[in-house]
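Sequence lines set the chain letters: A, B, ... in the order given, protein chains first and strands last, and positions in each chain run from 1. Predicted model, so just to flag it, every value in this text is computed and none were measured.
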There are 2 protein chains.
Amino acid sequence: MPKIVDHNERKIKIAEATWNVIVREGLENASVRNIAAEANLSVGSLRHYFPSQSDLFLFSMELVSERVRKRITSKKYDGPPLQTFQEALCEVLPIDEDRKIEMEVWLVFSAKTLVDRKLEELSKNVFLQMRTEIIERIIYTLESLQLLKENVDKHVEVIRLHALIDGLATHHILHPNTVTNKEMINTLTYHLHSICR
Amino acid sequence: MPKIVDHNERKIKIAEATWNVIVREGLENASVRNIAAEANLSVGSLRHYFPSQSDLFLFSMELVSERVRKRITSKKYDGPPLQTFQEALCEVLPIDEDRKIEMEVWLVFSAKTLVDRKLEELSKNVFLQMRTEIIERIIYTLESLQLLKENVDKHVEVIRLHALIDGLATHHILHPNTVTNKEMINTLTYHLHSICR
DNA sequence: CCCTTTTTAATACGACTGTACTAAAAATAT
DNA sequence: ATATTTTTAGTACAGTCGTATTAAAAAGGG
């Protein structure tokens, strides 16, 4: 009966418009009006898809994690395990323009996490998922393949690798000229080799 | 002739009030009015010390870096070099409530850095100072003392240590229950030992 | 005491905020 | 064609924003 508009697809378009506004003008200017204009919509239309601004922000932050997750899971991993793990971890790093935008948006929302309950919960879930499904899996798979050096503390190695990944990504986002793309990837490679035989 | 008020001391009080508002209610609620109320001042009085909001924000962010810098330089370092370096780096980590607040504020401003020229410049300067005066100094001093393992790439070790420190700090701020205080410090100790003989 | 200067206070302005509400437009099923 | 329902558009409201302006209050030097 009604005009058919793919509801979810439209929400994604609006969320991407939100990303653009945030990257270009900052979260402080990510008003409903500015985002609607960026998406070529009226305020009323936007509100039809997102009843409130916090709904819009939550969805926009969720979309970032979904995009990253899809990128990791949809990739084909054949080849030596160490290279496989390196490639998987590279999907989390801001190695191209799209990933950079997502990472910037994620950083901005992460800061907001400190005073926003809903965003905090999302952030926590994504963090734990990354920790258990990527970082821990890599360390413990390396061990079961007997590629890991002896005398390493696996628990600490998990924490170290996780912190290193996010530290590198953050540094490259905030200081791209000082921590270059190449240095970011080289350091990751270096680190993975340093914990293996 | 006039009422004597230590200008700089008052500005520091206001900046600390700004920290409080940011930590408690977020940057979006760090309005001139709210900050003035937190500092028990009228808006007019606050404006007498900070002509604009961006001046206030810049000063408030600068104060964070000053506090951290002072803490590092005023500390007495006697003892074995490895322990000394560890202690120095711990001053950058959010190991107590004061440092946690400062780190939270720094994180919030860092996100704003992406769309604020002045904050970006400050962030860049502080980053480079940290890089050259702390991180590089540690790695290269370790080498000159022949404490460093052979076959390490010093350039990469600098990038790695720097990213690890900030990654650990950020993780503890954002996920204190998952990355605990102890794990943060243990991981740093572990890392320093891993690059030494 | 008065004078000078700093500091404080209060008010006002235009612009922007999130949200609410109402009605027109669009599009499909009958 | 008509009815039904989604989608869009426009307007309005109360509140907050940063900033400007103006004048009163406070306080040490003469």
All N/O donor-acceptor pairs, side-chain side in residues 139-148 of chain B, below 3.5 Å, sequence neighbours left out:
from	atom 1	to	atom 2	distance (Å)
B:T141	OG1	B:R137	O	2.5
B:E143	OE2	B:K154	NZ	2.7
B:S144	OG	B:T141	O	2.9

Rounded to whole angstrom units, what separation is found between the CG atom of A:N40 and the P atom of D:dT8? 12 Å
For A:D96, what residues pass the side chain to side chain contact (heavy atoms under 4.5 Å, CB included) criterion, not counting sequence neighbours? A:D98, A:R99
Electrostatic pair A:E16-A:R67, nearest N-O below 4.0 angstrom: yes
Any pair counted as salt bridge (Lys or Arg N to Asp or Glu O under 4.0 Å), so long as it reaches residues 116-128 of chain A, sequence neighbours left out: none
Please identify each residue that fulfils side-chain hydrogen bond (donor to acceptor under 3.5 Å, both in side chains) with A:K11, with sequence neighbours left out. none
Under the rule for side-chain hydrogen bond (donor to acceptor under 3.5 Å, both in side chains), what residues qualify as partners of A:N20, not counting sequence neighbours? A:E38
Residue set satisfying side-chain hydrogen bond (donor to acceptor under 3.5 Å, both in side chains) with B:R131, at least two apart, ordered chain then number -> B:H162
Kindly state which residues belonging to residues 13-25 of chain B come within less than 4.0 angstrom of DNA chain D, counting heavy atoms of the residue only, listed by number. none
Results of side-chain hydrogen bond (donor to acceptor under 3.5 Å, both in side chains) for B:E87 - residues two or more places apart only: B:K75, B:Q83
What protein N or O atoms touch nucleotides 10-17 of chain C N or O atoms at under 3.5 angstrom, if any, and at what distances?
from	atom 1	to	atom 2	distance (Å)
C:dT17	OP1	A:S31	OG	3.0

Could you state the NE2-P distance from A:H48 to D:dT6, rounded to the nearest angstrom? 7 Å
Think A:Y49 has a side-chain N or O under 4.0 angstrom from the OP1 or OP2 of D:dT6? no
Separation of A:L46 atom CG from C:dA20 atom P, in whole Å? 14 Å
Tell me: CZ of B:F50 to C1' of C:dT8, nearest whole Å? 16 Å
salt_bridge(A:R71, A:E66) N-O dist < 4.0 Å: no
Let me know the distance between CG of B:L41 and P of D:dA25, rounded to the nearest Å. 18 Å
Could you state the atom-to-atom distance from CZ of B:R10 to C1' of D:dA26 in whole Å? 12 Å
A:R47 CZ to D:dC13 P, in whole Å, measures 17 Å
A:L58 CG to C:dG18 P, in whole Å, measures 17 Å
Any side-chain N or O of A:H7 below 4.0 angstrom from OP1/OP2 of D:dT7? yes
